[in-house]
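Residue numbers start from 1 in every chain, and the chains themselves are labelled A, B, ... in the order their sequence lines are given, proteins ahead of strands.
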2 protein chains.
Amino acid sequence: MFQRYSKQREVVYNVLCQTKTHPTVDWVYEEAKKVLPEIGIATVYRNLRELVKHGMAKVVLTPDNKEHFDADMTQHPHFICKSCGCVMDVTTQGHTKIAQKGFVVENCDTTFFGTCPQCAN
Amino acid sequence: MFQRYSKQREVVYNVLCQTKTHPTVDWVYEEAKKVLPEIGIATVYRNLRELVKHGMAKVVLTPDNKEHFDADMTQHPHFICKSCGCVMDVTTQGHTKIAQKGFVVENCDTTFFGTCPQCAN
DNA sequence: ATTATAATGATAATCAATATCACTTGTCCA
DNA sequence: TGGACAAGTGATATTGATTATCATTATAAT
C-alpha cells in the first residue's frame with residue numbers, strides 16, 4: 001500500500017480515526033503535534049491526500065472552501081450546519097427522520113462520482 | 001431582490017441560465033465578455049455570489065477545488081467525472097439507472113444543509 | 001553497516017476567492 | 001430635466017488554503 005512505514009502517517013491516520021468531527025487539516029495538525037511535536041503541516045497535507053488516494057479517507061468539501069476529512073469509509077450522508085459550520089454524520093435516511101432529531105434541513109445535495117459515458121469509452 | 005438593475009448581473013445570470021455545463025467562474029467570465037467586453041472578473045465573482053445568496057443559483061463544489069455554478073434550482077443529483085472533471089445532471093434515481101446510461105459510478109455522497117440541533121436552539 | 005530512495009519539514013510558490021477603493025451608473029426626488 | 005445619493009463596477013492588492021520544491025532524515029533491503 002505505502003512503500004514505507006512512517007510514524008507521521010500513522011499518527012495522522014490515528015488522529016483521523018479517533019474523531020467523528022470531520023476535521024480540517026489544521027485540526028489534524030494540532031492533534032498530531034500533541035503526539036509528534038516536530039511534525040510539519042506539509043506532512044499532514046501530504047498524508048491526508050495519500051490516505052484519500054488509497055481509499056482510507058474521504059474528503060468532505062464544505063461551503064467555507066475548506067477540506068474536511070473522514071476516515072469512515074462506509075457510505076453515509078453528512079449534515080453541514082450553516083451556522084457553526086460543523087459536519088455531522090446523519091445515519092437515518094430521509095428528511096423527516098433527520099428533522100425529528102432536531103436538524104433543520106434546508107437543502108440536500110447528492111453527488112455521484114465516477115467516470116462519465118464519454119470518458120468510459 | 002437586488003437594489004438596482006445592472007447590465008453585468010443580467011449578462012452573468014443569462015450566461016448561467018443558458019448552459020447546463022455547471023461552469024466555473026472563469027467560463028462564465030469568458031462568455032460574459034463576449035456580450036460585455038468590459039466586464040471585470042471581480043464583477044462576475046460578485047454577481048455569482050449574489051445570485052447564490054438570493055437563491056437564484058447553487059454552488060457545486062468539485063474535487064478540483066473550484067466552485068462550479070448551476071442556475072437550475074430544482075433538486076437534482078450531479079455526476080462528477082474523475083477523468084474529465086465535468087459536472088453533469090443525472091435525472092434518474094439510483095445507481096442502476098445511472099449505470100444503464102453509461103456512467104461508471106464509484107461513489108455517492110449525500111449532504112444535507114441547514115441548522116444543526118445545537119444551533120437551532 | 002551500507003546503500004538506495006521514500007518520506008519529512010521548512011518554506012516558497014500557486015491560485016481561487018475576497019477586499020479595497022476610486023470611479024461609474026441607476027434611481028429617487030426636487 | 002438635473003443634481004444627489006448610494007449601489008454597482010473594474011482594476012488590482014490581499015488573503016488564505018493547498019501544492020511544489022529541495023535539502024535532510026529515516027526506512028528497509030542486501
For the side chain of B:Val25, starting at C-beta, report the closest nucleotide among D:dT19, D:dG8, C:dA17. C:dA17
On the nucleotide D:dT19, are OP1 or OP2 found under 4.0 Å from the side-chain N or O atoms that A:Tyr45 carries? no
For A:Asn65 and B:Arg9, find the nucleotide of DNA chain D closest to each by heavy atoms; which residue's nucleotide sits nearer the 5' end? B:Arg9
Closer to the 5' end of DNA chain D via nearest nucleotide, is it B:Phe2 or A:Asp64? B:Phe2
Strictly below 4.0 Å, N to O, side chains only: are B:Glu106 and B:Lys82 in salt-bridge contact? yes
Taking atom P of C:dA7 as reference, at what distance in whole Å does atom CD of A:Glu50 sit? 7 Å
Within one Ile-Leu-Val-Met-Phe-Trp-Tyr cluster: B:Trp27 and B:Leu61, side-chain cutoff 4.5 Å: yes
A:Lys33 NZ to C:dA10 P, in whole Å, measures 10 Å
For B:Lys33, does the NZ atom sit with more than 12 other heavy atoms under 6.0 Å from it, leaving out its own atoms? yes
Between CD of A:Gln3 and P of C:dT8 the distance, given in whole Å, is 12 Å
Quick one: does A:Arg4 reach the base of C:dT5 with a side-chain donor-acceptor pair under 3.5 Å? yes
If you look at every heavy atom in A:Cys81 and B:Cys116, which pair is closest and at what distance? SG-N, 3.3 Å
From NZ of B:Lys53 across to P of C:dT18 the rounded distance in Å is 11 Å
Determine the minimum heavy-atom distance between B:Gly114 and A:Phe79, stating which atoms define it. C-CZ, 3.6 Å
Any N/O pairs under 3.5 Å between the protein and nucleotides 10-14 of chain D? List them or say none.
{"unit_1": "D:dG10", "atom_1": "OP1", "unit_2": "B:Gln8", "atom_2": "NE2", "d": "3.0"}
{"unit_1": "D:dG10", "atom_1": "OP1", "unit_2": "B:Glu38", "atom_2": "O", "d": "3.3"}
{"unit_1": "D:dG10", "atom_1": "OP2", "unit_2": "B:Gly40", "atom_2": "N", "d": "3.2"}
{"unit_1": "D:dG10", "atom_1": "OP2", "unit_2": "B:Thr43", "atom_2": "OG1", "d": "2.8"}
{"unit_1": "D:dG10", "atom_1": "N7", "unit_2": "B:Arg46", "atom_2": "NH2", "d": "2.6"}
{"unit_1": "D:dG10", "atom_1": "O6", "unit_2": "B:Arg46", "atom_2": "NH1", "d": "3.1"}

A:Glu67 atom CD is separated from C:dC15 atom P, nearest whole Å, by 16 Å
Backbone N/O of B:Thr91 and side chain of B:His76: donor-acceptor pair under 3.5 Å: no
d(NZ, B:Lys66; P, D:dT18) in whole Å: 16 Å
Would you say B:Asn47 reaches D:dT9's phosphate, i.e. side-chain N/O to OP1/OP2 under 4.0 Å? yes
Interatomic distance where CG belongs to B:Leu61 and C1' belongs to C:dA16 [whole Å]: 12 Å
What's the closest nucleotide to the A:Arg49 side chain, out of D:dT19, D:dT27, C:dT18? D:dT19
Determine whether the side chains of B:Gln75 and A:Asn107 contain a donor N or O and an acceptor N or O closer than 3.5 Å. no
Run the salt-bridge test on A:Asp109 and B:Lys58 with the 4.0 Å N-O cut-off and return the result as yes or no. yes
Terminal axes of the helix from C:dA1-D:dT30 to C:dA30-D:dT1 (5 end pairs apiece), angle rounded to 10 degrees, sit apart by 30°
I need the NZ-P distance between B:Lys7 and C:dG26, as an integer number of Å. 10 Å
When rounded to the nearest 0.5 angstrom, what is the spacing between OH in A:Tyr13 and CZ in A:Phe69? 14.0 Å
With a 4.0 Å limit, can you tell me whether B:Ser6 has a side-chain N or O closer than that to the phosphate oxygens OP1/OP2 of D:dT9? yes
Check: B:Phe112 ring centroid to A:His95 ring centroid under 6.0 Å: yes
